[in-house]
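Side chains included, hydrogens not; waters and symmetry mates left out as well; all remaining heavy atoms used. A note on names: the letters A, B, ... follow the listed sequences, proteins ahead of strands, and every chain is numbered from 1. Please read these numbers as outputs of a predicted model, since none were measured by experiment.
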Protein chains: 4
Amino acid sequence: MANENENLTVRERQAIQTRKNLLDAGKAIFLENGFQKATISQMIKRAHTGYGTAYVYFKNKDDLLIVLMEEVMEKFYQVAEQSFEPKSKGEAQEQISEQVRLFLMLAVEEKAMMNVIKEAIGVSQEVEQRWNLIRERFIERISVDVRYSQKKGLANPTFNPVLVARGWFYANEMFMWDCVKGDNLFSIDDVIMNLTQLYVDGLY
Amino acid sequence: MANENENLTVRERQAIQTRKNLLDAGKAIFLENGFQKATISQMIKRAHTGYGTAYVYFKNKDDLLIVLMEEVMEKFYQVAEQSFEPKSKGEAQEQISEQVRLFLMLAVEEKAMMNVIKEAIGVSQEVEQRWNLIRERFIERISVDVRYSQKKGLANPTFNPVLVARGWFYANEMFMWDCVKGDNLFSIDDVIMNLTQLYVDGLY
Amino acid sequence: MANENENLTVRERQAIQTRKNLLDAGKAIFLENGFQKATISQMIKRAHTGYGTAYVYFKNKDDLLIVLMEEVMEKFYQVAEQSFEPKSKGEAQEQISEQVRLFLMLAVEEKAMMNVIKEAIGVSQEVEQRWNLIRERFIERISVDVRYSQKKGLANPTFNPVLVARGWFYANEMFMWDCVKGDNLFSIDDVIMNLTQLYVDGLY
Amino acid sequence: MANENENLTVRERQAIQTRKNLLDAGKAIFLENGFQKATISQMIKRAHTGYGTAYVYFKNKDDLLIVLMEEVMEKFYQVAEQSFEPKSKGEAQEQISEQVRLFLMLAVEEKAMMNVIKEAIGVSQEVEQRWNLIRERFIERISVDVRYSQKKGLANPTFNPVLVARGWFYANEMFMWDCVKGDNLFSIDDVIMNLTQLYVDGLY
DNA sequence: CATGAATGAGAATTCATTCAT
DNA sequence: CATGAATGAATTCTCATTCAT
């Protein structure tokens, strides 16, 4: 506990704090202005650091957002990582349904940040690449679940798990962006029900 | 003499030609440099017109791309507009499969232009909005097909046609961007087969 | 018809004027602040043009200075281009002496600008290259004179005209920079006398 | 000799080593990147020292280069300091010729470093001043030689030794920079021969 | 002796767009 | 219908140097 800090010199602790200040300030500025309009100037001003300091810790604006993005996505990973060991089609549907709900809810909770991220994905090569990595991680996890269900004789074994996982995630991701955008044309529950049912009916 | 009419006609013809030159030059420049790096300068230079001329025909760079985009999407609309009146689940699967194939093939054919469009969607509000409109048009058309199948007793009537159509299109669209990106991890045929089967098995 | 031409000419005339304004302003700013400290901002401000305008006419600060430099060097070229057709060693010494005098006088006259140029040569690759070109032009001209004297039997024919011309110009150039620098340790007349005598005694 | 080090405390020895590391690293970095692109960062990294350490030993980047420059110039001084006591014009020409050869050869040997120095002279006031000092030292030495020859009745006594020495060194210096630049348009031997002959024929 | 976190000045530059001709 | 000279906003990112530890 206290040991952790004892291992660090005063200098190191200050450095960590400075980085954190920058991250916090960056997040606030991004949320206020969006990705493109946000400037490093604003951030260092709010973090009470010097101009060069930001560049000690982050290569540039994109880089800072990526760190923030990973932080947010951490929560999503936890949802994706949930154990999935259904014993029947019914159980599968229930669990998948629940996972989709958590996924969308999380997105809605982090709505503001997700919108910044979406903007950044379109604008910054680097951020887009990072998002693709994140996506692949989700798809990979879903593939495992599909394979599990196939092995257990619950899911149609003729499907290619990777392609199914990919298609399934794509639909979810796009609905997620819809939810985040805010002009909610549909109830989230309707989306979940229809989406899951179609998937489960098709796959299982 | 019919001089006046002929003069007007000549003028009109010149105008049409100028517009076409601009469009052709614009397309070439977009394909060479991508959306952001492309400049109006380059375009008017290649079209052998003056700076201001481009603005006679197009509101701005985004506007020019949108015209180009609509031109390309016209072909896609034709695929979407194909009659869909299956008499059995088998026929449905066959027809949907074929439609997906045409959709993806078209995208691959127009690969270069689709990549420019993708870039522009991320960067330009206007283009993004236009793309959303295009997307809605596709989804609308699919909804009609779903409803038809439900009415005919082929498709599960408990599904919300709009949500199903949307989810289905989202998956297709994302795979389309994958195909267009070029690092083809999967065979298009595998994608089509798995995607269609899952959809048809789930819906019908 | 004539009107159209006049309109075009008006435009062109304005453009030429704008360019001239920029050049004049640029020169003034360079003289006031030196090469490195001078900024395009200051120049456009003094020329009463917009920021972008400067970049319509000049690629960058270096480019603008090069134009100014060529303007100044034009006067030097005229000295170098003077006819040189001595009939005796005495005449040669007299003419060379006179040329060196004009060369150094000119440099002293344009002292301020020459100092800017010297600074720029050290700092900007482009300017340095341009200066090398200018130098070669002088050396080339001197070579011609040396060859003339050799042909006339006045100068020692065993010397390589190009190398002699180069060495001779180098010494002159360096003394020129000394004169321009201002801490005149020597009288210009002494420099001319000694330099020319050594050269003429050696070569003729 | 080894005593010198034995007299030093561990601390002092470490300090000397650190300084040497910095100097070596600095030289390597300068040679790799040129003067302007070289950064202190790179140097301290390669020398395995901390940021501040470099500033314990050197006032700044220019200062470090000056130390390196003096080291290189030391060899040149030795050439300049060679005894010069010719008994005839022939001997003078021979000795001067040899000195020029050594001078140019040395420059070519240290080509890489000389190029860095040239860049630095143009960019840094401090380095330029130091170079001027070095130059004066050479000129001073040559003046002594000229005076010696005049006293011995070998050289024309009407010449101002200081001005002759200066002109002579200027020509040599400039040819030296040419040799160092690398696009060798002339054979070094031709340069030496022509240059020396002109000088000796003129002066003696 | 050694360190390294923090600093901050500041000039260049682009290109879509306008509007007078 | 066509032109093209003029505009100008606004952020980036570097790196030598300092000084508290």
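Between Lys59(B) and Glu126(B) there is a salt bridge, since a side-chain N of the basic residue sits under 4.0 Å from a carboxylate O of the acidic one.
Residues from residues 18-34 of chain B that place a heavy atom under 4.0 Å from any atom of DNA chain E: there are none. Interface residues of residues 40-67 of chain C facing DNA chain F, ordered by number: Thr49(C), Gly50(C), Tyr51(C), Gly52(C), Thr53(C), Val56(C), Tyr57(C); criterion, heavy-atom separation under 4.0 Å.
Note: CD1 (Ile16(C)) to P (dA5(F)) measures 11 Å, nearest angstrom. Between Phe35(B) atom CZ and dC15(E) atom P there is a gap of 13 Å when expressed in whole angstrom units. When the P atom of dA2(F) is taken as reference, atom CD of Gln14(B) falls 7 Å away, rounded to whole Å. Separating the CD atom of Gln36(A) from the P atom of dT12(F) is a distance of 12 Å, rounded to the nearest angstrom. Rounding to whole angstrom units, NZ of residue Lys37(A) and C1' of dA10(F) are separated by 12 Å.
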Legend entry - Working for side-chain contact (heavy atoms from CB on, under 4.5 Å), residues Phe58(B) and Ile66(B): CA-CA 10 Å; Phe58(B) 306 99; Ile66(B) 286 172; over 6 Å; no
Inset, instruction - Start with the C-alpha distance between Asp63(B) and Asn60(B), add both sets of side-chain angles, then the distance that settles side-chain contact (heavy atoms from CB on, under 4.5 Å), and finish with yes or no. - result: CA-CA 5 Å; Asp63(B) 192 36; Asn60(B) 52 32; 3.4 Å; yes
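Judged purely by distance below 3.5 Å, without hydrogens or angles, the side chains of Asn115(D) and Glu119(D) never pair a donor atom with an acceptor atom.
A 3.5 Å limit on both hydrogen-bonding distances identifies dG10(E) as the Watson-Crick or G-U partner of dC13(F). Checking dT21(E) for Watson-Crick or G-U wobble geometry (two distances, each under 3.5 Å) identifies dA2(F) as its partner.
Partner Phe35(A) forms a side-chain contact (heavy atoms from CB on, under 4.5 Å) with one of Ile117(A), Asp62(A), Ile29(A) and no other, that one being Asp62(A).
Looking only at distances, a side-chain donor or acceptor of Glu12(A) sits under 3.5 Å from a matching main-chain atom of Thr9(A). Listed for the Lys61(A) side chain is a donor-acceptor partner under 3.5 Å among the backbone atoms of Gln36(A).
Looking at Leu68(C) and Met113(C), their side chains come closer than 4.5 Å, going by heavy atoms from C-beta outward. Residues Leu133(D) and Met73(D) form no side-chain contact, since every pair of their non-hydrogen atoms from C-beta on lies 4.5 Å or further apart.
In this structure, Val10(A) and Thr39(A) both approach DNA chain F, and ranking their closest nucleotides by distance from the 5' end singles out Thr39(A).
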